Amino acid sequence: MRCVIVTGGASGIGRDACITLASQGYGIAIWDIAEKGKELAQNLLSKGYKAIFCYADTSDFNSVANAMQNTLSHFGKIYGLINNAGITRDATLINMSLNDWQKVIDVNLTGVFNCTKAAAPYLIEQKEGRIINTSSVVGIYGNYGQSNYSAAKAGLIGLTKTWAKELGKYNITVNAVAPGFIATDMINTIPQKVIDLIISKTPLARTGSISDVVAAYKFLLSDEAGFITGAVISVDGGLSL
């Protein structure tokens, strides 16, 4: 059984990824700071799937290292790492606090470095693995009021291409998924006129669904994607065109 780690797996896109991949036969390690990740693991187990919840603060390498040891103790080995965890603390440059800048960088960028650094030695040893970094369309084109988030997501694209070059000789692929405007719980905080404006600029004329992003994860984990590495797959309905 192939074990896949999903950071931020307790809610949103990460939660759906855990459920979908578990149903596809993957063993799932849910890494999160939220206790509802434990409930999700129990729910998956009750359905006959293989899952474990590990407390993991991705901004803290020691926390990540402990989660990795717990995952390996449970599954024996790992196959994939989906760096999905992320937060937002939006404000314009003038209004953004130093704390809000640093917190987003710590979780969305340093957190991905921490998780991948912890996983890479095991993937290298077994000469097989898949790493997926969740970037964003704003990491490519920027976005008003998101200096911290845009910088972190752009940084993930750089890490993806660098790690693809470093780890390819070990049969490890590293790719990024860049979602556009996806209908998650956060959409409820956005004024309808802003939503309508974004949809009007999207060639497919709709918001994306969580399942659209999860489908990209699933493909990049598959054998069919074995010769794809260093790629940034935009899941944005053409918004970035």
Side-chain angles (χ1 to χ4, degrees), residues 1-56 58 64 67-68 70-86 111-112 115-116 118-120 122-123 126 128-136 156 160 163 167 171-179 182-185 208-229 231-235:
M1 173 180 290
R2 289 173 167 176
C3 166
V4 176
I5 297 166
V6 182
T7 70
S11 60
I13 294 172
R15 177 184 175 85
D16 275 43
C18 291
I19 294 170
T20 298
L21 295 174
S23 71
Q24 297 290 316
Y26 290 96
I28 303 299
I30 305 163
W31 286 16
D32 211 301
I33 60 173
E35 283 296 306
K36 56 187 175 181
K38 186 181 297 183
E39 297 173 11
L40 175 58
Q42 292 170 345
N43 181 263
L44 293 176
L45 289 169
S46 71
K47 295 179 178 179
Y49 302 142
K50 304 297 184 183
I52 184 177
F53 170 73
C54 298
Y55 176 88
T58 61
V64 167
M68 181 61 68
N70 290 336
T71 299
L72 290 170
S73 295
H74 187 83
F75 285 107
K77 61 186 297 188
I78 59 174
Y79 170 73
L81 167 64
I82 301 178
N83 285 306
N84 171 82
V112 173
C115 292
T116 308
Y122 302 100
L123 300 178
Q126 68 196 28
E128 180 185 44
R130 302 294 172 85
I131 298 168
I132 301 170
N133 297 324
T134 305
S135 182
S136 170
L156 292 188
T160 296
W163 292 340
L167 301 176
N171 193 32
I172 300 168
T173 66
V174 187
N175 293 289
V177 174
I182 307 299
T184 64
D185 289 341
S209 67
I210 289 177
S211 62
D212 292 324
V213 180
V214 174
Y217 291 167
K218 186 170 68 171
F219 170 67
L220 290 172
L221 288 170
S222 72
D223 292 336
E224 287 77 9
F227 200 56
I228 299 173
T229 196
V232 180
I233 298 179
S234 294
V235 184

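Here the structure is a predicted model, which is why all the values come from computation and not from measurement.
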Output all residues satisfying side chain to side chain contact (heavy atoms under 4.5 Å, CB included) with Ile233, sequence neighbours left out; order by chain, then residue number. Leu220, Val235

Partner set under side-chain hydrogen bond (donor to acceptor under 3.5 Å, both in side chains) for Thr160, not counting sequence neighbours: Asn133

Distance-only criterion, 3.5 Å: show the donor-acceptor pairs between side-chain atoms of residues 43-54 and protein atoms not counting sequence neighbours.
from, atom 1, to, atom 2, distance (Å)
Ser46, OG, Asn43, O, 2.6

Run the side-chain hydrogen bond (donor to acceptor under 3.5 Å, both in side chains) test against Lys36 and tell me which residues pass, sequence neighbours left out. none

Exam field: side chain Asp212 to backbone Ser209, donor-acceptor pair closer than 3.5 Å: yes

Mark yes or no for whether Gln126, through its side chain, and Ile78, through its backbone, hold a donor-acceptor pair below 3.5 Å. yes

Any donor-acceptor pair under 3.5 Å linking the side chain of Thr184 with the backbone of Gly12? no

Enter the distance from Ile131:CD1 to Ile5:CD1 here, rounded to the nearest 0.5 Å. 10.0 Å

Arg130 backbone acceptor or donor facing Thr173 side chain under 3.5 Å: no

So how far is it from Asn175 CG to Ser135 OG, rounded to the nearest 0.5 Å? 12.0 Å

More than 12 heavy atoms of other residues, nucleotides or ligands under 6.0 Å from CD1 of Ile228: is that the case? yes

Dump the intermediate steps for side-chain hydrogen bond (donor to acceptor under 3.5 Å, both in side chains) on Ser73 and Asn70, then the final yes or no. CA-CA 5 Å; Ser73 295; Asn70 290 336; 5.4 Å; no

Backbone of Val174 reached by a side-chain donor or acceptor of Thr229 within 3.5 Å: yes

Ion pair present between Arg2 and Glu128, side-chain N to carboxylate O less than 4.0 angstrom? yes

When the side chains of residues 23-31 are checked against the rest of the protein, which donor-acceptor pairs come out under 3.5 Å, sequence neighbours left out?
from, atom 1, to, atom 2, distance (Å)
Ser23, OG, Thr20, O, 2.6
Trp31, NE1, Thr71, OG1, 3.0

Sequence-distant partners of Ser222, side-chain hydrogen bond (donor to acceptor under 3.5 Å, both in side chains), two or more places apart: Glu224

Which value, rounded to the nearest 0.5 Å, describes the distance between Leu40 atom CG and Asp16 atom CG? 9.5 Å

Measure from the side-chain N and O atoms of Tyr79 to the backbone N and O of Leu221, and report whether any donor-acceptor pair falls under 3.5 Å. yes

